[in-house]
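Just below is one structure, and these are the notes that go with it.
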Amino acid sequence: MNRLLLGTPVLLALVSCASAPSQAPEDTPFATHTRAPVVVERVRSMPAPVPQPTRKAMVRRILPLNVRLITTENGKVRRSASGVVIGTETGEAGPVSYVLTNAHAVEQGDLESPVLKVVVDRRAESHEYAAEVVATGAVPELDLALLRVAGVTWPVADLAEDDELEPGEDVVVAASPYGRALSISGGMVSQVEWDKETKHPRMLKTDAPIGYGASGGGIFSLETGKLLAIVEGYRTAKVDFEVAAQNFSFDVPMPGETFAAPSAKVRGFLQARGFGRLLERDADGAGPQKTASR
């Protein structure tokens, strides 16, 4: 529309000049023309999208947050499980790291002289550390336990908020099945069960495959790297078959039936046992604070 309006007076002026004498009379007023203002629009540049870390990069970030547990008796391994580093602090006695696992994984009532150790695997090297159980929940309602490892400062997992737990979320499970070095399995959140009274998640399920010894392992968001839940167990189906007149049977994990304690339950457990300080954050929200031992 602007182009049409600007062009019309110019066309009329050209026609007048063509029909008028080459020299206008002195008493003929000159016509004045005003030009329409030019409107310049500023185009704001959009910020460049932040590149998301690759799957491999996220796994590299998650793995160091996990450990494996072994219970020995007379030098022999009796039990194995998994754990997640949930906090560190430094006091007069030096640094301390805390590991979250299952209560049933640290039960030692049937052993005479048990020794609980936390094992950290770094490529070809493995290091063992003595661990002390400082808090436990009641099985099966609260199958969580907290271990204390003195003299070390390990990377700490960042606990997810309740609204970050959604079905369909891509996850990885870091655990040490059958007592071996840490391994990763992938899947998604298959179900979030909400408590009608507290309005918090009380159970999370995933279809990521796990095996014996994965109890206490961490379920992490593949997008954010945050800890969504702690593996508690899995449902199995018993399969029987007969070969050459002999009967065989074994348990097969059911897909989508690996259940875990969600972040809300972990948070409540730590606060109720007097370890809520492990979830505190620095002013910039970078991670858990290092506070004096209590």
Side-chain angles (χ1 to χ4, degrees), residues 63-122 125-159 174-176 179 181-182 213-218 227 229-233 260-261 263 265-280 287-294:
L63 268 179
L65 311 176
N66 301 268
V67 297
R68 59 188 175 102
L69 314 177
I70 58 173
T71 299
T72 63
E73 184 182 36
N74 299 323
K76 296 182 179 180
V77 177
R78 298 300 186 187
R79 290 193 182 92
S80 64
S82 308
V84 180
V85 183
I86 197 64
T88 64
E89 58 186 13
T90 302
E92 297 179 357
V96 176
S97 289
Y98 292 88
V99 175
L100 195 65
T101 187
N102 290 151
H104 78 261
V106 296
E107 291 179 351
Q108 302 172 346
D110 59 334
L111 302 178
E112 295 181 359
S113 55
V115 176
L116 178 61
K117 298 179 181 180
V118 171
V119 183
V120 176
D121 298 303
R122 295 291 183 264
E125 297 182 357
S126 295
H127 303 275
E128 297 182 357
Y129 302 88
E132 173 191 6
V133 180
V134 294
T136 56
V139 181
E141 290 81 8
L142 192 58
D143 192 4
L144 293 172
L146 187 67
L147 312 182
R148 181 178 183 271
V149 183
V152 294
T153 301
W154 291 328
V156 176
D158 191 10
L159 199 61
S176 54
L182 287 169
S215 294
L227 178 64
I230 296 292
V231 175
E232 291 182 316
S263 55
K265 184 177 288 188
V266 171
R267 189 177 292 106
F269 167 72
L270 293 175
Q271 292 172 345
R273 298 303 189 273
F275 291 93
R277 65 185 185 274
L278 299 179
L279 301 176
E280 295 175 1
Q289 286 185 334
K290 293 182 180 179
T291 58
S293 299
R294 300 181 184 179

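Each residue takes its place number in the sequence, starting with 1.
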Taken to the nearest 0.5 Å, the spacing of L144 CG from E232 CD works out to 6.0 Å
When every non-hydrogen atom of S215 is compared with those of H104, the smallest separation belongs to OG-NE2, 3.2 Å
Inset, instruction - Using a 4.5 Å cut-off on heavy atoms from C-beta on, say whether the side chain of R273 contacts that of L142. - result: yes
The reported gap from OH in Y129 to CZ in R148 (rounded to nearest 0.5 angstrom) is 15.5 Å
Closest non-hydrogen atoms of S126 and R68, given as atom of the first, atom of the second and distance, are OG-NH2, 3.9 Å
Check the pair S263, L227 against side chain to side chain contact (heavy atoms under 4.5 Å, CB included), reporting the backbone distance first and the verdict last. CA-CA 7 Å; S263 55; L227 178 64; over 6 Å; no
So CG of L69 and OG of S82: to nearest 0.5 Å the spacing works out to 7.0 Å
Does L146 reach the side chain of L278, with side-chain heavy atoms less than 4.5 Å apart? yes
When rounded to the nearest 0.5 Å, the distance separating CD of E128 from CG of D121 is 9.5 Å
### Query
Under 3.5 Å, is there a donor-acceptor pair between the side chain of R79 and the main chain of E107?
yes
Tightest non-hydrogen contact, residues T101 and V106, listed as CG2-CG1, 4.0 Å
Quiz item: side chain to side chain contact (heavy atoms under 4.5 Å, CB included) between L65 and V85: does it pass, once the steps are laid out?
Solution: CA-CA 6 Å; L65 311 176; V85 183; 5.5 Å; no
**Request:** Using a 4.5 Å cut-off on heavy atoms from C-beta on, say whether the side chain of E73 contacts that of S113.
**Result:** yes
TODO: For the pair N102 (side chain) and D143 (backbone), establish whether a donor and an acceptor sit closer than 3.5 Å, ignoring hydrogens and angles.
DONE: yes
Does the side chain of V149 reach to within under 4.5 Å of the side chain of W154, using non-hydrogen atoms? yes
Separation between CD1 (I70) and NZ (K117), nearest 0.5 Å, reads 5.5 Å
(message) Just so I know, are the side chains of L100 and F269 near enough to count as touching, which here means a heavy-atom distance under 4.5 Å?
(response) yes
In terms of heavy-atom contacts, V84 and G217 come closest through CG2-C, 4.2 Å
Would you mind reporting whether I86 and F275 have side-chain heavy atoms less than 4.5 Å apart? no
Please check if the side chain of T88 supplies one atom and the backbone of T153 the other of a donor-acceptor pair under 3.5 Å.
no
Rounded to the nearest 0.5 angstrom, the CG-CD distance for L279 and Q271 is 6.5 Å
Residues A105 and A81: closest non-hydrogen pair is CB-CB, 3.5 Å
For V133 and L116 the tightest heavy-atom approach is CG2-CD2, 3.8 Å
